[in-house]
Colleague: 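Below is the structure I would like to discuss, written out as structure tokens.
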Amino acid sequence: MNQTVNYPWFKKEDTDAFFALFQNNLANFVIIAVTMLGMGFPASIVFGKVIPGAAVAVMVGNLYYAYMANRLAKKEGRTDVTAMSYGISTPVMFVFLFGVTAPALALTNDPELAWKVAVAAAFLSGLIEALVSFTGNWVRKQIPRAAMLGALAGVALTFIAGEMLFNTFSIPVVGLVTLVIIIIGVIGKVAMPFNIPPTLFAIVIGTVLALTLGYQSADKVSEGLSNVGFYPILPSLAAFDGMSLLFTALVGLLAVILPITLYNAIETMNNVDAMAAAGDSYDVRECQAVDGVGTMLGAVFGGLFPTTIYIATVGSKEMGAGRGYSILNAGVFGLAAVTGVIAALSAVIPIAAVAPILVFVGLSMVGTAFQSNEAKYFPAVAIAMLPYFANYVMTRFNNSAGETVAGISEGIVPLGQGAMFTAIILGAITVFVIDREFVKAGLFALVAAGLSFAGFMHAPELAFNAAPQYSLGYLIVAGMFVYCAFQEASVKVTKRETVKQRVAS
């Protein structure tokens, strides 16, 4: 029953929460722009289509979550309700950049076509998450947390922390100073001058150093400023044009899209749970649906990155924020995208000044993977991380990966193909072995055999009997688990009979 409450549109606590959310999304937008330009995508696509489309997703989600906060405040008669923090999912962003967009560009050699494929992938991801909202809780119960978080930690350690640490050291004077500011302020909890948020302070200092010491050229800044203008947010049929390739020549990308979308849905679920523990209980299914619809709308307008609720919402709750920071974030990013301010910031702010923030994000995700599980499951987390090392090597070398790494090991490329599936399955099998649930381990081995047979794992493309050696290997493993299950059952029967005999005697 709704109650009459004076839930404010904006309060002073929303200011700090806004800057915390703003810099998170800003870092993602800058990384997107710099990375895609570096891949060879023209500014017309990056700033004219991708950034505005991503902004649409951010705007829609933030405004809806502000509405949900107002609805919850009225329902419970409280004024201390905090809206959900929302934006582009950082780990999923890196997977879409290097696991979807880069391969699409390498295979098509056409930026326009590759963009359409990536937009189609994002639309499909949003649709899947919206559908998963009906069954998300069931899926979550079937996959052990150690397996899912371990797979995510693999992405975090390679594509986020690792890749961004490389970028940090690309300009040592800027990167090292920025990195240490993050360590002092975020990890050491030392207050920055004028109580500026550490990450924002790091970006400012890093940018000033780069400009002062000449690492950021005036020509590059001028080029970035020249991109400032008017970029209308217009819908397009790119997502539907790209579907034809996504389900034919590039169908192998589904091996990346499906599992990372599942992770994204579970990330939303976990963050909603964390917010409930902090005092604001939202409907998990509605939140997953909102994330999915937001991603699809972003794709319709040219964006190619799935969105999610941030765990930083708990921090906003601790700050005492309401709904105002979410509304302000939507407005600022909408304005920045339309005017090309993101283009200017991408040129002015060196990647070495932003990268350390994402190094911390990646390491935090790795730490969470271990902290969220009992010590006995640490081996499962660790083994689930490993396939993404192979995937990272593959992605960075693109089509030449096979020849480049053949001298190291012929197993690198097939291990990296469908890495998310492989990571989750190996992690899940390890968990079930630790818990001596051999039947469940066997079922996951059978799933792996099926995925390998169809080409979702250990194969360059979907095909009939795509990876026969791996399919056979997983089938043998499934048989081993059947044997282990019978052995376990036999031991239990023996123990029960021994106990009965002792009682009888």
Side-chain angles (χ1 to χ4, degrees), residues 12-32 34 58 82 85-91 93-94 156-157 160-213 215-216 271 274 278 309-321 324-326 328-329 332-333 336 342 345-346 348-368 371:
K12 66 177 184 178
E13 291 84 359
D14 282 317
T15 303
D16 288 339
F18 161 72
F19 277 112
L21 179 58
F22 171 77
Q23 64 204 10
N24 197 333
N25 272 314
L26 176 62
N28 285 340
F29 273 67
V30 170
I31 293 295
I32 288 169
V34 172
V58 170
T82 300
S85 297
Y86 173 86
I88 295 171
S89 172
T90 302
M93 175 188 79
F94 277 91
L157 191 60
I160 302 179
E163 179 82 9
M164 290 301 104
L165 190 61
F166 300 155
N167 283 300
T168 296
F169 279 80
S170 64
I171 308 178
V173 175
V174 175
L176 276 173
V177 172
T178 308
L179 179 62
V180 172
I181 290 173
I182 297 295
I183 293 172
I184 293 172
V186 179
I187 299 177
K189 308 295 184 185
V190 177
M192 296 291 109
F194 309 107
N195 287 321
I196 299 175
T199 48
L200 182 61
F201 185 70
I203 292 175
V204 171
I205 295 299
T207 302
V208 170
L209 278 173
L211 292 171
T212 303
L213 298 176
Y215 291 107
Q216 197 72 326
N271 293 340
I309 292 168
Y310 289 160
I311 189 61
T313 304
V314 176
S316 299
K317 178 69 176 176
E318 292 173 353
M319 294 178 189
Y325 84 104
S326 189
L328 185 59
N329 191 67
V332 168
F333 271 97
I342 296 294
L345 291 175
S346 299
V348 173
I349 302 173
I351 194 169
V354 177
I357 297 172
L358 295 174
V359 171
F360 171 74
V361 170
L363 294 179
S364 296
M365 291 164 64
V366 174
T368 299
Q371 293 166 6

Colleague: Could you list the residues that satisfy side-chain hydrogen bond (donor to acceptor under 3.5 Å, both in side chains) with T178, not counting sequence neighbours?
Modeller: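 Partners of T178 under the side-chain hydrogen bond (donor to acceptor under 3.5 Å, both in side chains) test: none.
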Colleague: To the nearest 0.5 Å, what is the distance between CG on L345 and CG on L26?
Modeller: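 That separation rounds to 6.0 Å.
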Colleague: State the CG-CZ distance between L179 and F360, to the nearest 0.5 angstrom.
Modeller: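 So the gap between those two atoms works out to 11.0 Å.
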Colleague: Just wondering, do P193 and F201 contact through their side chains at under 4.5 Å, heavy atoms?
Modeller: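 Sidechains of P193 and F201: in contact.
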Colleague: Kindly give the heavy-atom pair with the smallest separation between V174 and P350, and that separation in Å.
Modeller: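 Shortest heavy-atom contact: CG1-CG, 4.4 Å.
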Colleague: Using every non-hydrogen atom in the two residues, find where P356 and G175 come nearest and quote the distance to one decimal.
Modeller: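 Minimum heavy-atom contact is CG-O, 3.8 Å.
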Colleague: Using every non-hydrogen atom in the two residues, find where N167 and A355 come nearest and quote the distance to one decimal.
Modeller: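 Minimum heavy-atom separation between N167 and A355: CB-CB, 3.9 Å.
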Colleague: Scan the side chains in residues 203-213 for donor-acceptor partners under 3.5 Å anywhere in the protein, sequence neighbours excluded, and list what turns up.
Modeller:
| from | atom 1 | to | atom 2 | distance (Å) |
| --- | --- | --- | --- | --- |
| T207 | OG1 | I203 | O | 2.7 |
| T212 | OG1 | V208 | O | 2.7 |

Colleague: How many angstroms lie between CD1 in I32 and CG in N25, if you round to the nearest 0.5 Å?
Modeller: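 Interatomic distance, I32 CD1 to N25 CG, rounded to 0.5 Å: 9.0 Å.
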Colleague: Closest heavy-atom contact between F22 and N329?
Modeller: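 Closest approach of F22 to N329: CA-OD1, 3.7 Å.
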Colleague: Hey, could you give me the CD1/CE distance between I88 and M93, rounded to the nearest 0.5 Å?
Modeller: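 Output value for this atom pair is 7.0 Å.
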Colleague: Rounded at 0.5 Å granularity, tell me how far CD1 in I342 sits from CZ in F29.
Modeller: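 If we round to the nearest 0.5 Å, I342:CD1 and F29:CZ are 6.0 Å apart.
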Colleague: Who passes side-chain hydrogen bond (donor to acceptor under 3.5 Å, both in side chains) against T199, sequence neighbours left out?
Modeller: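 For T199, the residues satisfying side-chain hydrogen bond (donor to acceptor under 3.5 Å, both in side chains) (neighbours in sequence not counted) are Q23.
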Colleague: Using the side chain to side chain contact (heavy atoms under 4.5 Å, CB included) rule, take M192 and I181 through it: C-alpha gap first, then chi angles, then the decisive distance, then the call.
Modeller: CA-CA 9 Å; M192 296 291 109; I181 290 173; 4.0 Å; yes
Colleague: What's the verdict on side chain to side chain contact (heavy atoms under 4.5 Å, CB included) for Y325 and T82, showing C-alpha distance, side-chain angles and the deciding distance?
Modeller: CA-CA 9 Å; Y325 84 104; T82 300; 4.1 Å; yes
Colleague: Minimum heavy-atom separation for P198 and V186, please, with both atom names.
Modeller: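 That would be CB-CG2, 3.9 Å.
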Colleague: Enter the distance from I171:CD1 to L176:CG here, rounded to the nearest 0.5 Å.
Modeller: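 Reported to 0.5 Å precision, the distance equals 11.5 Å.
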Colleague: Determine, step by step, whether I31 and F94 satisfy the side chain to side chain contact (heavy atoms under 4.5 Å, CB included) criterion, reporting the C-alpha distance in whole Å, the side-chain angles of both residues, the deciding distance to 0.1 Å, and the verdict.
Modeller: CA-CA 9 Å; I31 293 295; F94 277 91; 4.1 Å; yes
Colleague: One pair to check against side chain to side chain contact (heavy atoms under 4.5 Å, CB included): I357 and I182. What are the steps and the verdict?
Modeller: CA-CA 7 Å; I357 297 172; I182 297 295; 3.8 Å; yes
